[in-house]
Every structure is written in structure tokens, then in C-alpha cells.
Chemist: 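The structure that follows is given in the form of C-alpha cells.
Since the model is a prediction, treat every value here as computed from it, not as a measurement. So you know, we letter chains A, B, ... as the sequences are listed, proteins then strands, and number each from 1.
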Amino acid sequence: MTATHRGEGVPDVVVLQMSYQQATVIGTRGQLVARAIVDDGSPVVGVTVEFLREVDFLGPRLISLGSAMTDAYGTARVPIDTDQATVRIRARFTGSDDYLPAEITSDINVPAAPDLGAGAADGKTGSEPSLAVVAAVMPSLLAAIALAIWLFLIGLSATTVLAIRRARPSVPVRKEGRS
Amino acid sequence: MPERDAPTSTTQELHAAALRPVLNAGRRFWLLFAALGLVAAAGAVAYAWQLIAGGLSVTGYNDQVFWGSYEATLVAFIGFSYGGALVSAILRLTNASWRGPITRIAEVSALATLLVGALFPIIHLGHPERVWELFVRPNFQSPIFWDMVAILTYMLATFILLALPLIPDAAALREHTGLGRLRRWLYRLLSFGWSGTPRQRQVLERALTIVAILIVPLAVIVHTVLSYTFSLTSRPGWHSTIFGPYFVIGAIYSGVAVVILAALAYRRAYQLHRWIDDRVIRNLAFVMVALGLAYGYATFSELTTEGFVGKQVEVELLYGLLLERFAPLFWAFVGMGLLAPVALIAIPRTRTPRGIALAAGLVVVAMYLKRVLIVVPPLSRPVIAGDIGSYLPSPVEIAIVSGAAAGGALIMLFLFRFLPVLAIDEMAEIEHERTEAAGVGAASPGSGNRDGGRWLIGRSFVRRCWRHPPWHGSSRRRP
């Protein structure tokens with residue numbers, strides 16, 4: 001049931017609820033879920049909810065984690081990194097002509113991501129672009145550059161020494177002043 | 001006229017000064033050599049004990065803090081080396097007229113500290129006998145492998161940067177009657193038939209310029225790759241984009257401090273005040289202060305970017321560093337490594353050789369401390385679960401690190417028993433360019449006397465230097 005606006009000039013009171021939803025697909029990120037409802041329990045559809053993280057390093061601040069629009073059930077979701085930590089999250093709806101602003105702050109316990117290997121941890125699927133080509137080419141490229149520098153340095157030293165020897169006067173100068 | 005006679009005596013004095021550590025090392029030199037040798041030997045014994053008694057179990061490493069003093073020493077010594085090489089290369093490229101007396105010391109300190117630093121990845125290995133497998137079975141995904149490649153490449157470039165300018169110096173000294181046969185043979189070998197012809201000069205100058213250009217990015221690469229060992233690890237406190245430049249600035253900062261200390265030590269020990277004058281030391285000190293300020297900013301930037309994002313684990317790490325467990329060490333670093341050196345050099349009254357030496361010494365100690373703070377605190381916090389780790393270096397570690405530091409100094413002392421401590425040719429060349437730029441010929445009275453009478457070297461000094469070595473009597477002899 002969708003929230004029905006009561007009438008012109010009377011904005012509805014919105015209640016926000018918030019929770020953390022563990023990822024159901026292994027290796028994907030968990031989500032912050034906020035649900036916006038009006039006082040009769042019906043969902044508020046099509047409004048934007050912003051998610052913010054409260055931090056207090058160098059003074060209290062809010063860091064935006066992103067925003068999402070509520071769906072037919074009144075829920076908005078944003079992904080969150082799965083660091084093992086308890087984080088204080090604020091979900092905020094800034095209000096509209098039809099609805100009053102609302103916000104909720106809650107401590108969310110985010111569990112650690114399971115160690116699933118590189119591919120899974122990145123949350124890659126078959127359709128996503130792969131860095132396999134870069135991974136295959138990069139070491140060879142770096143090795144070639146390193147080898148080129150070595151050859152260049154050794155070559156430069158050798159040619160310099162040879163050129164110095166070649167540019168000696170026919171009568172070695174060092175003998176001239178020998179006592 | 002005294003000005004006309006001056007070049008001869010100055011040439012003689014320059015050669016004599018450059019060879020003082022070679023010819024007259026002195027009793028104190030041998031005492032220092034013996035003391036450093038004892039410390040280095042104690043380090044070698046400690047390392048042998050580490051190998052026999054079960055590897056790294058004799059260190060203070062544990063399950064949580066599995067890196068410690070060895071990694072800090074590796075980063076610190078490679079950094080010391082970097083400063084020496086860069087001082088030499090950049091001053092050469094910018095044609096700084098005051099570089100002459102310190103380039104040789106900078107290059108030798110770069111090589112000596114690099115040789116010591118490069119030992120530490122091996123010392124850290126539980127099975128050092130398997131180090132060759134890095135070459136035959138390289139793991140291209142590992143930053144350690146690329147560390148090895150970068151360090152070896154940089155070592156080659158540093159060696160060339162030291163060796164090439166030695167060619168004309170060796171030629172100048174190969175017939176020095178005061179030298180023994182071995183050294184004369186060595187100089188003859190290293191001179192490669194140098195006689196100072198314009199073509200030879202051109203070839204050498206070109207090669208030196210190329211190496212100097214190349215060593216700047218190489219040194220940046222080495223220290224950036226060294227930082228990858230940390231920053232490519234998904235660990236709070238290490239995984240930071242600023243780590244590359246942060247390491248580079250820190251390396252030059254501490255490296256310049258080492259060059260200052262080495263220059264002052266040789267100046268004092270061998271009475272080289274006339275050549276390594278206060279102006280040279282002051283200029284190096286200004287470079288050090290500029291780098292210190294840059295490093296202070298980089299430290300501020302590193303801490304605030306981590307803290308500002310506010311990931312809980314990083315904030316906890318920062319609180320540990322700034323206010324809790326590691327705070328005494330961190331603030332000691334700030335005081336000794338950032339504030340005190342800047343103050344000592346900024347205040348004219350303390351900007352004396354003594355004050356600058358104190359500032360440089362503080363920088364070296366504080367920067368080592370900083371490397372410990374980079375390595376240990378992030379490791380002491382478990383990333384999955386478990387207790388907070390603790391770390392205290394064991395006596396074996398302390399002995400090995402002290403032995404290595406003594407070894408670095410020994411290498412330097414040893415090299416200067418064979419190599420002239422001053423870059424004779426370079427100093428002559430600079431003076432030659434200076435007089436040419438001023439449009440004053442050697443024949444003009446008073447030429448070469450533009451430095452308050454310090455370097456009374458005439459226009460044709462370079463040519464005379466090779467054709468008429470001062471120990472052959474009058475430099476006015478002609479073939």
C-alpha cells in the first residue's frame with residue numbers, strides 16, 4: 001500500500017527505519033537499508049534518502065555514503081564497505097511539499113568481509129571487465145624496462161670508457177711530466 | 001705576483017687535501033676503524049646466531065608484528081643512499097657552483113648506505129640460502145621481487161655515478177710519488193688513459209649528465225617501489241596513495257642529513273675547512289630544511305587524509321599514534337625530526353657547523369624512528385581478530401642493526417682510503433667555468449680569487465692539473 005497524501009497544504013509525517021543487510025551473494029558488499037513510512041505504516045515511494053556516516057576525527061563531521069530513491073516498499077539502499085566496525089549512520093530525508101523531513105541515526109554493526117580470494121572479494125562477475133590482460137602484460141613490460149635500463153647503463157659506461165681510451169693522445173701525457 | 005703563483009700552490013694543496021685520508025689516515029682513524037669493526041663483527045656474530053638458533057624466533061617479531069627493525073633499517077638506509085645520490089646528481093645537473101667539495105662524499109655515502117640497506121631483505125629471510133630463488137623463480141606479483149630489481153638497478157647507477165668522475169681524479173693521482181705501488185696501479189687502472197683532452201672531457205661530461213638525469217627517476221622509482229611493499233597491502237595505515245612521494249621526500253631528507261654529517265666529519269678529521277667551507281655546509285642545511293618542511297607537510301597530509309575519511313580502524317590507529325600507545329615516539333619524531341632541525345637552521349645564531357651537525361644528527365635519528373612508526377603500529381592492530389600486538393626489538397636485532405650501521409661507516413672509511421675525498425677535477429672544472437663565465441682569463445691578475453681567496457685557481461688550471469701534476473715540481477714545466 002502506498003502512502004496517500006492527506007490533502008493540500010498538510011504534509012505527512014514520515015518515519016524512517018534503518019538496518020544493515022548482510023550480502024546474500026558471497027563477496028558482494030552489504031547494504032544499508034532505510035525504510036520510509038508514514039504514520040499509518042504505508043510506504044513512501046519515490047523520495048530520496050541520503051545516508052551519512054558520523055565521524056569525529058578532527059571534530060564531528062558527516063561523510064556522505066550516497067543516496068537512493070525509495071522503491072514501492074518505501075526502501076532505499078546503498079552499499080557499504082564491509083569493514084569490521086560499529087559505525088554510526090544517519091539516514092536523512094529532506095522533505096518535500098507532501099512530506100515532512102525525517103531522519104534517523106543508528107549504530108550499525110558491520111561484520112568483516114569473508115576472505116574469499118581476490119576474484120570474489122572484488123565482487124566480480126563474468127560480465128565485468130577483467131584486468132587479466134594488464135596482469136599478464138605488466139610484469140613483462142616492467143622486466144623489459146628494467147633490462148633496458150641495465151643494458152643502457154652498462155653500455156653507456158663501456159662506450160664512455162672506450163671513447164676516453166680512444167681519445168688519448170698518441171704519446172701518453174702522463175709520461176711527459178714524469179721526473 | 002701572488003695571484004699568478006697561486007694556482008700552483010692551490011693545485012698542490014687541493015691534491016694534498018683530497019689525499020689526506022689516503023696518505024695520512026691518522027691514529028684516530030684506526031681507532032675508529034677498529035671500534036666500528038668490533039661493532040660490525042658483533043653484528044655478524046648476532047646474524048650467525050640468528051641463523052643457527054632458529055631464524056627470526058630470536059628477534060622480537062611475533063604473530064602480530066611480523067615486521068620490525070629490519071624493515072625500518074632497510075627503508076632508512078636506502079633512504080640515506082637516495083639523498084647522497086640525488087645531492088650529487090641534482091647539483092651536477094643544475095651546475096651548482098658549491099657542489100664540488102661534497103659530490104664525492106655524497107656519492108660514496110650513497111653507495112655505502114645502499115650496500116648496507118640492500119642486505120636487510122636478506123637478513124629478514126628465514127632461509128637466506130634461498131635468496132637465489134628470487135632470480136630463478138621470480139614471483140612477478142610480489143613487490144619484493146620488484147624491490148630487488150629496483151635496488152639492483154639503482155645500485156648499478158650509483159656505482160657508475162661514483163666511478164665515472166673518478167676517472168680524471170685517478171689520472172691526476174696515478175703518478176703521485178707519495179702513493180704506494182698498489183694505489184698507483186689502481187689509479188692507473190681507473191684512469192683509462194685519461195689525459196684531459198677536450199674530446200675526453202666531452203665524452204665524460206655527456207655520460208655524467210646522462211647518468212645524473214637517469215639517477216633521479218631511478219631513485220624515485222626505487223623508493224616508490226619500496227613504499228609499494230607497504231601501500232599495496234590492504235592494511236590500515238599502509239594502504240595509502242601518498243606513500244610513494246612520502247617515502248621519496250623522507251629519503252632525500254634523511255639522505256641529505258647523512259651527507260652533512262659525513263662532510264662535517266671528514267672536514268674536521270682532515271682539516272678540510274678551506275675546501276668544504278661553511279657556505280657549502282650552510283647550503284646543504286638549507287636544502288635539508290626545505291625538505292624537512294616538505295616532509296612535515298607530507299606527514300600532516302598522510303595523517304589527515306586517513307583520519308578525515310574516518311574509517312574506524314584507521315582512526316583507532318591514528319589515536320594510537322597521536323595520543324595513546326605510540327604517542328611518545330611519534331612526538332619525539334616531530335620534535336627531533338621536524339621542529340628542532342628547522343629551528344636550529346632557521347635561527348642565525350645556531351646556524352653554525354655545530355648547530356647544523358646537531359640538526360642533521362637529530363634528523364637521522366628521528367627519521368629512523370619514523371620508519372619504525374611506519375612499520376610497527378599498523379601491524380600491532382589485528383585486521384581480523386585477536387589481541388593488540390606488541391613489539392620490542394631483541395638484543396640480536398639491535399646487534400645486527402648496529403653492526404650494519406657500523407658496516408656502512410666502515411665501507412665509507414675503507415673507500416676513502418683509496419679514493420680522493422674531494423672531487424679534484426670537478427672542483428677545478430667549476431672554478432674554470434666560473435672564471436670563464438666572469439670573462440676573466442687566468443693571465444689576468446686576481447683571476448680565480450673570487451671566493452674570498454679560497455680557491456685561487458687559474459683559468460688553465462684543468463689543463464695544468466693533468467699535464468703537470470704538482471708533485472713533479474713547478475707546474476710551469478712544459479713537455
Chemist: What's the separation between atom OG in S195(B) and atom CZ in R165(A), rounded to the nearest 0.5 Å?
Modeler: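 It comes to 11.0 Å.
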Chemist: Scan the side chains in residues 145-164 of chain A for donor-acceptor partners under 3.5 Å anywhere in the protein, sequence neighbours excluded, and list what turns up.
Modeler:
unit_1  : atom_1 : unit_2  : atom_2 : d
W150(A) : NE1    : T153(B) : OG1    : 2.8
S157(A) : OG     : L153(A) : O      : 2.9
T159(A) : OG1    : G155(A) : O      : 2.8
T159(A) : OG1    : L156(A) : O      : 3.0
T160(A) : OG1    : L156(A) : O      : 2.6

Chemist: Of the backbone (N, CA, C, O) and the side chain (C-beta and beyond), which part of L152(B) lies under 4.5 Å from a heavy atom of chain A, both, or neither?
Modeler: both
Chemist: Above 12 or not: heavy atoms from other molecules or residues under 6.0 Å from CG of D107(A)?
Modeler: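 Correct, the count exceeds 12.
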Chemist: F145(B) versus P139(A): any side-chain heavy-atom pair under 4.5 Å?
Modeler: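 F145(B) does not reach P139(A) side chain to side chain.
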Chemist: Taking atom CZ of F192(B) and atom CZ of R166(A), what is their separation to the nearest 0.5 Å?
Modeler: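 Separation between the atoms: 14.0 Å.
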